[in-house]
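Below: one structure, written as structure tokens.
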Amino acid sequence: MAENKSNSKAVIVKDLVKKFGSFVANDHLNFEVDKGEIFGFLGANGAGKTTAIKILCGLSHPTSGEVNVAGYDIYKQRDLIKKNIGYMSQKFSLYDDLSIAENIRFYGGIYGLSRKKIKEKTAEYIEKLGLQAYTKSMVKELPLGFKQKLAFSVAIVHDPPIVFLDEPTGGVDPITRRQFWELIYKEAAKGKTIFVTTHYMDEAEYCDRVSIMVDGRIEALDKPAILKETYNAESMEEVFIQLARG
Amino acid sequence: MKTILYIIQKEFLQIFRDRMMLPIIFVIPIFQLLILAHAATFEIKYVDLGIIDLDQSLASRALVRKFEASPFFRVKARSFSLDKLSEEMQNSRVEQILYIPANFNNELENKHPVKIQLITDAVDGAAAGIMNTYALSIVKDFNRNLLIQSKTLPLNIKSIETRTSYWYNPDLDYKTFMIPGILVLLVSIIGLFLSGLNIVKEKEIGTIEQLNVTPIKKHHFIIGKLTPFWFIAMFDLFFGLVLAKFVFHIPIVGSIGLIIFVASIYLVLVLGIGLFISTLADTQQQAMFIAWFFVVIFILLSGLFMPVENMPDWAQVINIINPIAYFIDFMRMVMLKGARFADVSYHIISITIYAILSISLATWRYKKVV
């Protein structure tokens, strides 16, 4: 059983290839993500990060290779995977013309949460994110930072064991980014696996392990401290630049 | 099932929060009915006539007087020069020229055949035909009077008299003919555009991706998305029928229940096409263009403005797959002629088959995973 094999692993990827015509976006990717880990998925623009994350979330078909997420096979058990993951993309996933409560109700309803549970979650999020002043407003009136934190919370409204975040902190100020990462840490502390792509190298330092993708291949994968040692670098930024330059 | 209700609830919230939506739902039907029903007419009220009477005789004046007396002709210009009136026609000030040659009276008195000329602006061929018919009937009438006056022929040939009665639309009111078709146009446009654009909008703002990572079932999503627009279009049809009956006094001879029943199937068809378009387009702009492409062709071929029977064979063949044509024909038959289920069963079966086809094709094309 695939489930037994991957008991301690949240994600297993073997020889994953994704081609668009003759362009190879993902070139034989191999990696595993442990349960409860914060896994940073780094790479320059166009390195193939989003392509890979979309395959893991079941939004896109792989060309070849084995992918196992939350113990389920991406080819045969796509629906089970979807019940067990949360996903937040660089684009906003909230409806601007709905209120906070209406957004939570909609996504909660789709994940099959009970009305009572949805009410609880709504109250919890408004409290936790300090959104009391915005309960009557539409999401479009929220400041960007609040929107992002709310989008993250809505993405995990069904309490999935694994969360995929695709550049979740694009375009927000450093303070909000810090707050956002506090949210991520809280969820990780509850045992959730966090799979996150980012451009910000300071964020890479927050991860338990990071992989760095260059031109569709994973060039490095380890703890940030070990990577810095290996590449004789002061910061993750230096590591990244060394690798990305080739 | 609960998932569907959550989607429907969300859609209705968004629809009624959109400030453009209520005008679209209420104002479009009123405008379409008011403007199209009155303006889109092929009736020719009168013809602007130019007269060249080179004869200036008793007989020629009698003919001219006949034209002047006719309610269909307005004498706009008189001249002795064909060139001058040609210019008037060029500038669209006259639509038809009556040319009476100089020897008109003489030839008539000598019992020779005599020729007059009618020149018609035929840019609009259909209108030209009608103008010609009007003019010829006056000339014919003039001719008959001549015969009677001259008494040269024994008038024992009883001419055949035709008495016309116009069924289903006794006053030959163009509105009666147009309104059932305009109602179809209305629900088609509302259904097609609103549903197509709505789903593409979710693509544009990226929420469709968020939905695609949820375990939502494809058919739940589609039912939830299309149901609100089904209700809105049904409401608009009902609203339009009320306007037709009480504001335009269009007789609704057939069964309203039958109309509602077939409309409910027809809308599935239209929404299916809307969904299909949304699977082809990435932006609302693209969706708009594709939708217009379908709508314009289907409407022009549908028989809304011109009878399908007058179209070339190949166009009639295309109409076999034109859903709008079936529904317009159905609406006219039921509203104006009081057709019953059995009379329109062919229409109903065709619409049902296309509804199944369009919704299945769209569902098949709609992909959660790319």
Side-chain angles (χ1 to χ4, degrees), chain A residues 18 20 50-51 53-62 69 72 74-75 77-99 101-115 118 138-140 151 154-155 157-158 160 162-164 166, chain B residues 1-25 194 197-229 279 282-284 364-370:
Chain A
K18 175 73 179 182
F20 297 103
T50 298
T51 306
I53 211 170
K54 280 192 173 165
I55 291 171
L56 298 183
C57 292
L59 286 170
S60 170
H61 288 295
V69 176
Y72 300 108
I74 199 83
Y75 295 100
Q77 296 164 303
R78 198 177 289 277
D79 279 343
L80 285 167
I81 290 179
K82 286 184 174 178
K83 280 192 182 123
N84 286 287
I85 60 166
Y87 171 74
M88 178 188 166
S89 71
Q90 1 179 332
K91 276 191 178 184
F92 271 123
S93 49
L94 299 171
Y95 292 94
D96 262 352
D97 48 355
L98 296 181
S99 72
E102 285 160 354
N103 268 292
I104 298 172
R105 182 178 64 195
F106 174 64
Y107 281 112
I110 285 195
Y111 278 109
L113 267 55
S114 68
R115 294 208 173 258
I118 290 172
M138 298 298 120
V139 162
K140 64 168 160 266
V154 169
V157 71
H158 54 301
I162 305 175
V163 189
F164 291 92
D166 192 5
Chain B
M1 188 57 208
K2 258 170 83 185
T3 321
I4 299 177
L5 292 178
Y6 277 108
I7 304 174
I8 294 175
Q9 179 186 41
K10 173 213 143 222
E11 291 304 325
F12 270 123
L13 272 174
Q14 289 182 305
I15 289 167
F16 290 113
R17 227 162 250 175
D18 185 344
R19 269 198 216 138
M20 276 309 289
M21 227 42 206
L22 288 180
I24 286 174
I25 295 168
L194 292 188
L197 290 183
N198 177 278
I199 296 168
V200 178
K201 191 180 165 196
E202 294 232 10
K203 272 194 196 175
E204 273 186 359
I205 59 177
T207 43
I208 198 101
E209 207 174 70
Q210 194 67 34
L211 287 175
N212 285 342
V213 293
T214 68
I216 192 171
K217 293 265 186 302
K218 192 157 125 175
H219 63 276
H220 286 171
F221 174 79
I222 289 169
I223 295 170
K225 269 288 185 193
L226 297 187
T227 305
F229 298 108
T279 66
D282 290 320
T283 65
Q284 296 189 66
W364 170 75
R365 271 278 321 181
Y366 176 79
K367 288 196 167 62
K368 281 187 77 182
V369 190
V370 287

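Note that this is a predicted model, so its numbers are computed, not measured. Residue numbers begin at 1 in each chain, while the letters A, B, ... track the order of the sequences.
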Shortest non-hydrogen separation from A:Phe106 to B:Ile7 and the atoms involved: CE1-CA, 3.9 Å

Compare all side-chain heavy atoms of A:Leu113 with those of B:Tyr6 and state whether any distance is below 4.5 angstrom. no

Among B:Arg17, B:Gln9, B:Gln14, exactly one meets side-chain contact (heavy atoms from CB on, under 4.5 Å) together with A:Glu102. Which residue is that? B:Arg17

Distance in Å, A:Ile110 CD1 paired with B:Phe221 CZ, rounded so as to fall on 0.5 Å steps: 8.5 Å

Salt bridge (Lys or Arg N to Asp or Glu O under 4.0 Å) against B:Glu202, all qualifying residues, sequence neighbours excluded: B:Lys10, B:Lys225

Closest contact, heavy atoms only, A:Leu59 versus B:Glu209: CD1-CG, 3.4 Å

With a cut-off of 6.0 Å (strictly less than), are more than 12 heavy atoms of other residues, nucleotides or ligands near NZ of B:Lys201? no

Proximal component of B:Lys217, with respect to chain A [non-hydrogen, under 4.5 Å]: side chain

Return the minimal non-hydrogen interatomic distance between B:Thr207 and A:Ser93, and the atom names on each side. CG2-O, 3.5 Å

What residue in A:Leu98, A:Asn103, A:Leu80, A:Asp79 has the most heavy-atom pairs under 4.5 Å with chain B? A:Leu98

Side chain from CB out, backbone as N, CA, C, O: work out which of these in B:Glu204 comes under 4.5 Å of a heavy atom of chain A, or both, or neither. backbone

Do B:Gln210 side-chain atoms and A:Tyr87 backbone N/O form a donor-acceptor pair below 3.5 Å? yes

Proximity breakdown for A:Arg105 and chain B, heavy-atom pairs closer than 4.5 Å: both

Comparing B:Leu13, B:Leu5, B:Thr3 against chain A, the one with the most heavy-atom pairs below 4.5 Å turns out to be B:Leu13

Partners passing salt bridge (Lys or Arg N to Asp or Glu O under 4.0 Å) against B:Asp18 (at least two apart in sequence or in another chain): none

Rounded to the nearest 0.5 Å, how far apart are CG of B:Asn212 and NZ of A:Lys82? 6.0 Å

Region of A:Phe164 in contact with chain B, defined by heavy-atom distances below 4.5 Å: neither

